[in-house]
There are 2 protein chains.
Amino acid sequence: MFHGLAAFPLTPMNEHQINERELVNLIERLVTAGVSSIGALGSTGNYAYLNRSERFRVLQLAVGAADSIPVMASISALRTTDVLQLAEDAQRAGAHAVLLAPVSYQTLTEEEVYSLYERVTASLSAPLCVYDNPMTTHFHFTDELHARIAGLPRVQSIKIPGVPSDPEKAKERVNKLRELIPSHVTIGVSGDPFAVTGLNAGCEVWYSVLGGLFPKLCLRMTQFALEGHAVEADYYSVLLEPIWKLFRQYGSLRVASAAAEIIGLTSGPGLPLPLQPLHPTARDLLKPVLAEIESLEKSL
Amino acid sequence: MFHGLAAFPLTPMNEHQINERELVNLIERLVTAGVSSIGALGSTGNYAYLNRSERFRVLQLAVGAADSIPVMASISALRTTDVLQLAEDAQRAGAHAVLLAPVSYQTLTEEEVYSLYERVTASLSAPLCVYDNPMTTHFHFTDELHARIAGLPRVQSIKIPGVPSDPEKAKERVNKLRELIPSHVTIGVSGDPFAVTGLNAGCEVWYSVLGGLFPKLCLRMTQFALEGHAVEADYYSVLLEPIWKLFRQYGSLRVASAAAEIIGLTSGPGLPLPLQPLHPTARDLLKPVLAEIESLEKSL
């Protein structure tokens, strides 16, 4: 399941509850498009702000709606005992894989992060994807640590935080990591603005925010890149530069949540306080950009 | 209560439960020394790793053991609804004040942080201390934001993350913030290695990790500094340089938790996984340093 387009849907919600109907609709849109896998409860799915029972319920709904498409669930938490509970919950809810980031409050050492993955993989049945995102975890993986963790049982993919924008440097970066990890562990790119560069450079998965909203378009881009049509994949990514710019400026979650509301997939911005909806100025900039993307999505 | 020495005790615990007897003993040691206030459930008290009921129980015990010394409790959480619940819990448990840090998963904007404090203070009865610690929250306050938040009702202190090591620059830094905030809001220094420099520069509180273990010594240092005996206060801080060095290198929590065990205040390191005990090499360095500090503490 760690190949192709992994689409990360939002978790539609308000301050009081999950909007279950809207969540199921988002998942069904991904199933119709035929994405490779669904990343329920990613950062885009607000996992970090939800409690244990909410996380379980979101997963139940996602797995139920996902048909035969595998679902991956974040099990990240500050405390290892909580991660272990969430891992059990995820497997009980029917998730096919788990995603684990070394989220931190106190700064973590390399040894602490390695031991976390060692402890969690020792008790897992499902495969695990290592979630490397220093923007949210504030932990910086070295490639040597990636190599050690990738050698643990159950580890099958690494979600890396982007690649250099220069294609040659991107290839060097992916190749360097590739040489250090077992061949059955795939490398997936995240940070949508880097995605095509990453795929063209040898990444095997796009862990995608935009794919949670526009799965056909992102699937097409992924297929072009993975089939060696780098120029065609790039063409779309360049077309999408206006939304990448908004992602970089306001964060992909705020932009995606506003986009979902604007195109009628959700009835509200769905961000838990203290997170606030996208600023009105940015929202105005987003509208015409979305119109272009929607017409692309519908043309596919 | 936002003056003098605010001592932050550890929360003795293992992977399964809080060690209630040891927690009460730590609090009683602070009461005997006569600290100005007790910061239960600070970063040093592992608040970020405890669930709601554990946080409530720690507070009940702390308030019960604190005699007439006021207790402050962290109510920080990623989601505002959780912060509001924790604020209610803290007041119900008898805490005299709350401490709120803008902990983050998604990067927060200034407006989001201001709105968090606005929302929380609107429903609080107890006074609030703003907890500014970019190392754990990854949010950087501007002085202008501090000024806006300090103008909110219930805000009575700001816990700042250290001061410049040069005494004149430290004074400039404290004076600049002082000019922007109401006179009833005190400025407290944290980051123990900076504490005396901060107090000598005009800070009114020392929010102290070491004070949670060696309250008499830290109280003496605080009194010297607040009474204008800068040289005497500095003398002690220079004596303590070996432990400050370990704090800087390994983090104050890991060092304090090892210290508590070494001097027999706790029966284990008390750090929730993934946090691991202090490295054995550092522990060996710590032992003779602690012997010096203990004899100082006993001489007072």
Open item on the list: Can you tell me how far apart CD (A/Glu111) and CG (A/Leu145) are? Round to the nearest 0.5 Å.
Closed with: 8.5 Å
- [ ] Without swapping roles, check the side chain of A/Glu118 against the backbone of A/Leu152 for a donor-acceptor pair under 3.5 Å.
- [x] no
Open item on the list: At a heavy-atom distance under 4.5 Å, which candidate from A/Arg254, A/His138, A/Met135 has the highest pair count against chain B?
Closed with: A/His138
Task: A/Cys129 side, atom SG; A/Leu100 side, atom CG - distance, nearest 0.5 Å - done: 9.5 Å
Open item on the list: Return the CD1 to CG distance between B/Ile75 and B/Leu86, rounded to the nearest 0.5 Å.
Closed with: 7.0 Å
- [ ] For the pair B/His146 and B/Phe141, name the ring-plane relationship: parallel under 30°, tilted 30 to 60°, perpendicular over 60°.
- [x] parallel
TODO: Select one option (side chain, backbone, both, neither) describing which atoms of B/Val103 are under 4.5 Å from chain A's heavy atoms.
DONE: side chain
Task: N/O donor-acceptor pair under 3.5 Å between B/Ser157 side chain and B/Val185 backbone - done: no
Task: chain B interface, residue from A/Asp82, A/Leu116, A/Leu275 that has the most non-hydrogen pairs under 4.5 Å - done: A/Leu275
- [ ] Would you mind telling me which of B/Tyr250, B/Tyr49, B/Tyr105 has the largest number of heavy-atom pairs within less than 4.5 Å of chain A?
- [x] B/Tyr105
Open item on the list: Which atoms of B/Tyr47 are under 4.5 Å from chain A, going by heavy atoms: the side chain, the backbone, both sets, or neither?
Closed with: side chain
Open item on the list: Is B/Leu253 in contact with chain A via its backbone, its side chain, both, or neither, using a 4.5 Å heavy-atom distance?
Closed with: side chain
TODO: Name the option with the most non-hydrogen atom pairs under 4.5 Å to chain B; the candidates are A/Val83, A/Thr80, A/Thr107.
DONE: A/Thr80
Task: B/Arg119, part contacting chain A, at a heavy-atom distance under 4.5 Å - done: neither
